[in-house]
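Shown next, in structure tokens, is the structure this report addresses.
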Amino acid sequence: MTEASVELQALCDQGVALHLQGQVEAARRCYDAVLRADPAHFDALHMLGVACLQAGQADISVALIERALAARPGEAAAHSNLATALTRLGRPEAAIASCERAIALHPDFAEAHSNLGDALHALGRPGDAARAYEAAIALKPAYAVPRYNLGRALFALKRPEDALASYEAAIALSADYAEAHNNRGVVLAALDRPEAALASFERAIALRPDAAEPHNNRGKTLIDLNRPEEALASYQRATQLKPDFAEAWNNLGSAQLALQRGDAALASYDRAVALGPDDAEAWNNRGIALYGARRLDEALASCETAISLKPDFAEAHYYRALSLLALGRLGEGFGAYAWRWRVAGRNRPILPGRLWEGESLAGKSILVHCEQGYGDSLQFIRYARPLAAMAARLTVLAPAPLVRLFRSIPGLEVCSALVRDDIDFHVPLMCLPRLLGTTLATIPAEVPYLAPEPADIARWTERLGAREGSIRVGLVWAGDSRRQHRAAHAIDRRRSLRLAQFAPLGEVARARFFSLQKGEPAAQALTPPGGLRLIDWTDELHDFADTAALIAGLDLVITVDTAVAHLAGALARPVWVLSRFDGCWRWLNGRADSPWYPTARLFHQPAPGDWDEVIDRVAAALASFARP
């Protein structure tokens, strides 16, 4: 070796020493100086390629390491590092070939086996990747990286408990392994251990505060823990650290939507789809935000874009259906509404007979089952009468509080538990509008279609006593909180009021108010706002038939969008419905009347959360209604 070669090698070795100390830029200057003198210097080419790889310059790294290997093709470490660069460039097949060359040269090279696992995982072969990682671990048990990557492969193989053990083994070997703490949190979240997941994400952030992914994952867990304000801050930090992080923008929009910041949410979703135009979830979420903003045609278009990207995307089909229904395009909407069964968490019950899809029912029996809430059942039980005329026997399976009232429809057998299985067909109640061809013009709106028992009416009439020049008004100020269901609970928070907010109604001199409120909010009747004379007999209302009998003696029902609205409408009693800004599809868009209930009047919020304006309008209307 010449004196010049010795000096160049010494300069390259100095670069390697600096590199190992983390002084990468100084190391690169050494490598560059060596290469100016000897462009084919293997060590300088190889190590400069490694430095470029660490700097995120995988394309330059590949070119440099390939030049190094052209000079010395028998170097296993260079083949292994080339594989890493090729994997990052999205060339996993070439990376596998490089790893196999490294392993052929050095069969006990643990890092090459680990890099082979990375390439196989990138190619969508997690089982083969896991075996490669296990080989690396067997060769070098104290090597944390393959244990971490084995966790990734095991999670992809839907083995979360094993993945968790692998991440924890990596952390035991390297306590400051931020990526392992982050991925451990992902697995814990999947195992429904959100508090533990949150701790893992926060540890990852403490170790790598500039990494966007743990902030994004922390946000998702905080949403699961119903802490949207904190989640919002996490998503905002993720987008600050990584402005092109499409998933974090999408999640930020969802947190903003949960906090009723619709305009901000829409802006975040717009950013997400700009960064990831092929992300069906972001397009669907954008559609949900537009639906909430009552921009229904745009919501429909956004959901349809999501479906074009992912044709089996059930939630996008579901929100497409809601948009169509709210637009009054009932034929299309009820057709698309069949996708509700494929949305996560909704399963068809197993019932006797075949699912009815419109076949002749002559001489046949059919079971109709109530599939959703009380309000839906009260609204759509109207279809039982025409269906009963088509079948030899019609049985309705309904929640117990509805059974007695539903028996007022002639020709029905109504039960809360199925006691017979000699049934030819079954059908979900909310499939009937589609199967019976409902359009906006053909809604069966003849009311009343439900009736309380005469004896119950007589009992409540006596209880109500003389009018004494007043009008009788029933009040419902809140729905069922449904805290166990996050999305439903969020809707209830937007539709429900506190009784205290009804105070302006108490200024109507001739009005006497009767509570129809059930559930936890009913306790507010004990302390009504000053001036509002409220009579509370709800302890005597044991089912909807009892409530119907009391409503029969009232002049008006004022209610938020809950089951009593449908009950009063089905009884043909005057009912005023207080509808949130992003109102339910069944009230259509901006209408003050309802084609479903001729006696209903709608009072919509003019802006999200603005109940004061609604109550002021209701109070003025009530004053007119109460005039002698």
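Computed from a prediction, not measured in an experiment: that's the story for all the values here.
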Practice prompt. Show your reasoning for whether salt bridge (Lys or Arg N to Asp or Glu O under 4.0 Å) applies to R393 and D422.
Written response: CA-CA 11 Å; R393 187 181 75 238; D422 55 334; 3.6 Å; yes
Practice prompt. Under the ring pair (Phe, Tyr, Trp, His ring centres under 6.0 Å) rule, what do W587 and H566 come out as? Steps first, then yes or no, please.
Written response: CA-CA 11 Å; W587 306 124; H566 300 280; 5.4 Å; yes
Worksheet item: After noting the C-alpha distance and the side-chain angles of N250 and D279, does the key distance pass the side chain to side chain donor-acceptor pair (under 3.5 Å) rule?
Response: CA-CA 10 Å; N250 182 34; D279 186 348; 4.6 Å; no
Practice prompt. Would you please test D593 and L602 for side chain to side chain contact (heavy atoms under 4.5 Å, CB included) and show each step?
Written response: CA-CA 6 Å; D593 66 335; L602 277 294; over 6 Å; no
Fill in: From CA spacing to verdict: ring pair (Phe, Tyr, Trp, His ring centres under 6.0 Å), F380, W596
CA-CA 10 Å; F380 292 101; W596 296 97; 5.5 Å; yes
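A salt bridge is absent between R340 and E315: the closest approach of a Lys/Arg side-chain nitrogen to an acidic carboxylate oxygen does not fall below 4.0 angstrom. Between R512 and D555 there is no salt bridge, since no side-chain nitrogen of the basic residue lies less than 4.0 Å from a carboxylate oxygen of the acidic one. A salt bridge does not link E281 with K310: none of the charged nitrogens is closer than 4.0 Å to a carboxylate oxygen. For the pair D610 and R580, the salt-bridge criterion is not met [side-chain N within less than 4.0 Å of a carboxylate O]. The pair R420-E413 counts as a salt bridge, with a side-chain nitrogen and a carboxylate oxygen less than 4.0 angstrom apart. Using a 4.0 Å cut-off between a side-chain N of Lys or Arg and a carboxylate O of Asp or Glu, R459 and D546 qualify as a salt bridge. Residues E446 and R382 are not paired through a salt bridge, judged by the lack of any N-O separation under 4.0 Å between the basic side chain and the carboxylate. A salt bridge does not link R286 to E304: none of the charged side-chain nitrogens sits closer than 4.0 Å to a carboxylate oxygen.
Counting only N and O atoms by type, the side chains of Q372 and S377 include no donor and acceptor under 3.5 Å apart. Side-chain contact annotation: R467 with S470, donor-acceptor N/O pair under 3.5 Å absent. Defined by atom type and a distance below 3.5 Å, a donor-acceptor pair is present between the side-chain atoms of S365 and D424.
Ring geometry for H426 against H369 counts as tilted: the plane angle lies between 30° and 60°, on a 0 to 90° scale.
Note that OG1 of T439 is 10.5 Å distant from CZ of F334, once rounded to the nearest 0.5 Å.
Stacking of R294 on the aromatic ring of Y291 is recorded, both the 6.0 Å distance cut-off and the 45° axial limit being met. Remark: R586 is not positioned above the aromatic ring of Y337, lacking an NZ or CZ atom under 6.0 angstrom from the ring centre and at most 45 degrees off the axis.
Other residues, nucleotides and ligands contribute over 12 non-hydrogen atoms within 6.0 Å of the CD atom of E357. In D616, the CG atom is crowded: over 12 heavy atoms of neighbouring residues, nucleotides or ligands sit closer than 6.0 Å.
Contacts classified as ring pair (Phe, Tyr, Trp, His ring centres under 6.0 Å) and involving residues 512-553 (residues at least two apart or in different chains) are given here: Y374-F544, W460-W537, F514-W537.
For V618, the side chain to side chain contact (heavy atoms under 4.5 Å, CB included) test picks out L505, I558, W576, L578, F603, V614, with sequence neighbours left out. Considering only residues two or more places apart in sequence or on other chains, D192 meets the side chain to side chain contact (heavy atoms under 4.5 Å, CB included) condition with P194.
When side chains are defined from C-beta on, E359 counts as touching R354, because their heavy atoms get closer than 4.5 Å.
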